[in-house]
K.L.:
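Sharing a structure, written as structure tokens. Questions coming.
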Amino acid sequence: MFDLTGKAALVTGASGGIGGAIAEALHGAGATVTLSGTRETPLRELADRLGDRAHVVTANLGDAESLAALPKAAAEAMGSLDILVNNAGITRDNLFMRMSDDEWAQVLDVNLSSVFKLSRSVLRGMMKSRWGRIVNITSVVGATGNPGQGNYAAAKAGLVGMSKSLAYEVASRGITVNCVAPGFIATAMTDKLNDEQKGKILGQIPAGRMGSPEEIAAAVLYLSSPEAAYVTGATLHVNGGMAMI
Amino acid sequence: MSDIADRVKKIVVEHLGVDEDKVVESASFIDDLGADSLDTVELVMAFEEEFGIEIPDDAAETIQTVGDAVNFIKGAV
């Protein structure tokens with residue numbers, strides 16, 4: 001349905017469940033993709049599975065040099081960079097009163113500041129070509145809050161405000177900036193929950209199940225497509241009705 | 001006009017879509033030529049590419065008119 005032939009996309013956090021599904025969806029629509037993450041092996045495996053039009057650039061978004069090198073390496077590998085999907089994220093959960101400065105700073109650095117820096121560096125190329133898509137993966141907790149995730153929720157809510165501001169600035173240049181906010185998605189991370197924890201979570205979700213990474217990827221694919229040119233500054237909530245906002 | 005001034009003028013005309021005779025040395029990009037703040041960023045990017053130079057942000061802020069741009073580039077190339 002959506003055709004991204006000739007477009008080049010960088011997906012961060014592509015070694016994770018959601019990031020991998022996003023890369024696969026964009027690639028399946030014809031885009032050339034650069035898979036980025038900290039662990040080379042899963043990235044390489046995914047790239048091998050995708051075949052042509054898939055590149056791997058490892059990067060640690062908490063490291064300034066590594067972060068600065070990433071968009072350049074991706075653009076070199078692909079020849080251009082039209083779509084940036086900021087999916088990488090970390091958690092350092094703790095009760096607010098016990099949260100250390102480090103736990104706060106690490107999450108804000110990787111989940112918010114790195115998105116600012118990556119987006120800033122890809123804008124030049126997008127402005128020149130008068131076409132660009134930036135999709136930031138946020139979270140339902142950025143809108144609702146979540147105990148133990150003061151840092152994570154702050155970073156995710158911060159992304160929304162940042163995306164809207166940037167969307168204003170570059171809308172006239174054919175560049176859109178949007179967010180996709182997943183609810184509970186079945187990944188390696190949620191597999192670790194026990195049945196009781198899962199039961200509690202499912203009780204809050206009208207759809208009665210967790211979402212799949214592919215359902216997040218489909219939202220990202222839409223926002224990356226030419227068809228979504230008139231959608232900017234928006235957050236698409238994909239959460240099974242858990243928060244209707 | 002010097003070669004640099006001609007090339008600057010050509011970029012400004014192309015980028016802002018203004019009449020060539022309006023692009024005089026004293027013309028302000030924003031006040032006289034209808035540029036918005038993002039246009040000025042793009043003009044600086046275009047100058048950097050055309051002349052193979054780096055224009056740091058603090059210098060870019062001082063480039064308000066066509067003449068400012070020509071003078072800065074003359075000193076930088």
Side-chain angles (χ1 to χ4, degrees), chain A residues 8 10 64-65 67-76 78-84 113-136 161-178 228-234, chain B residues 3-20 22-23 27-66 68-77:
Chain A
L10 167 61
E65 263 181 45
L67 175 61
L70 171 59
K72 290 186 191 117
E76 253 170 50
M78 300 190 288
S80 65
L81 210 166
D82 310 295
I83 300 165
L84 170 65
S113 301
S114 81
V115 175
F116 157 65
K117 289 171 189 167
L118 276 181
S119 303
R120 184 180 55 184
S121 73
V122 303
L123 280 170
R124 177 182 280 243
M126 291 180 179
M127 298 246 291
K128 275 188 71 182
S129 61
R130 290 288 189 267
W131 200 94
R133 297 285 184 266
I134 296 177
V135 182
N136 297 321
M162 191 198 76
S163 302
K164 290 179 180 177
S165 304
L166 176 55
Y168 261 112
E169 291 186 21
V170 297
S172 63
R173 268 52 172 188
I175 303 168
T176 69
V177 187
N178 292 290
Y230 204 53
V231 182
T232 195
Chain B
D3 174 50
I4 286 177
D6 282 341
R7 285 156 72 191
V8 165
K9 195 171 170 181
K10 187 161 173 276
I11 288 172
V12 173
V13 167
E14 274 174 14
H15 195 88
L16 299 179
V18 289
D19 286 342
E20 212 175 315
K22 280 196 179 161
V23 187
S28 154
F29 295 119
I30 291 176
D31 296 332
D32 301 318
L33 302 175
D36 64 18
S37 55
L38 199 54
D39 286 321
T40 62
V41 173
E42 288 188 306
L43 279 172
V44 165
M45 278 162 44
F47 295 148
E48 287 179 331
E49 253 170 51
E50 170 75 17
F51 297 99
I53 55 173
E54 282 264 341
I55 305 178
D57 287 346
D58 52 348
E61 278 170 27
T62 67
I63 300 177
Q64 311 266 340
T65 66
V66 176
D68 291 341
V70 172
N71 287 332
F72 180 87
I73 293 162
K74 274 183 183 162
V77 290

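Computed from a predicted structure; not experimentally measured. Below, chain A is the first sequence line, B the second, and so on; all start at residue 1.
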K.L.:
With only heavy atoms counted, which part of A/Arg173 is less than 4.5 Å from chain B, the side chain, the backbone, both or neither?
P.N.:
side chain
K.L.:
Any residues in residues 46-53 of chain B near chain A, with a heavy-atom distance under 4.5 Å, and which are they?
P.N.:
B/Glu48, B/Glu49
K.L.:
To the nearest 0.5 Å, what is the distance between NZ (A/Lys128) and CE (B/Met45)?
P.N.:
7.0 Å
K.L.:
For B/Asp57, look at atom CG and say whether over 12 heavy atoms of other residues, nucleotides or ligands are found less than 6.0 Å away.
P.N.:
no
K.L.:
If the contact rule is any heavy atom under 4.5 Å from chain A, which residues of residues 32-39 of chain B qualify, in numerical order?
P.N.:
B/Asp36, B/Leu38, B/Asp39
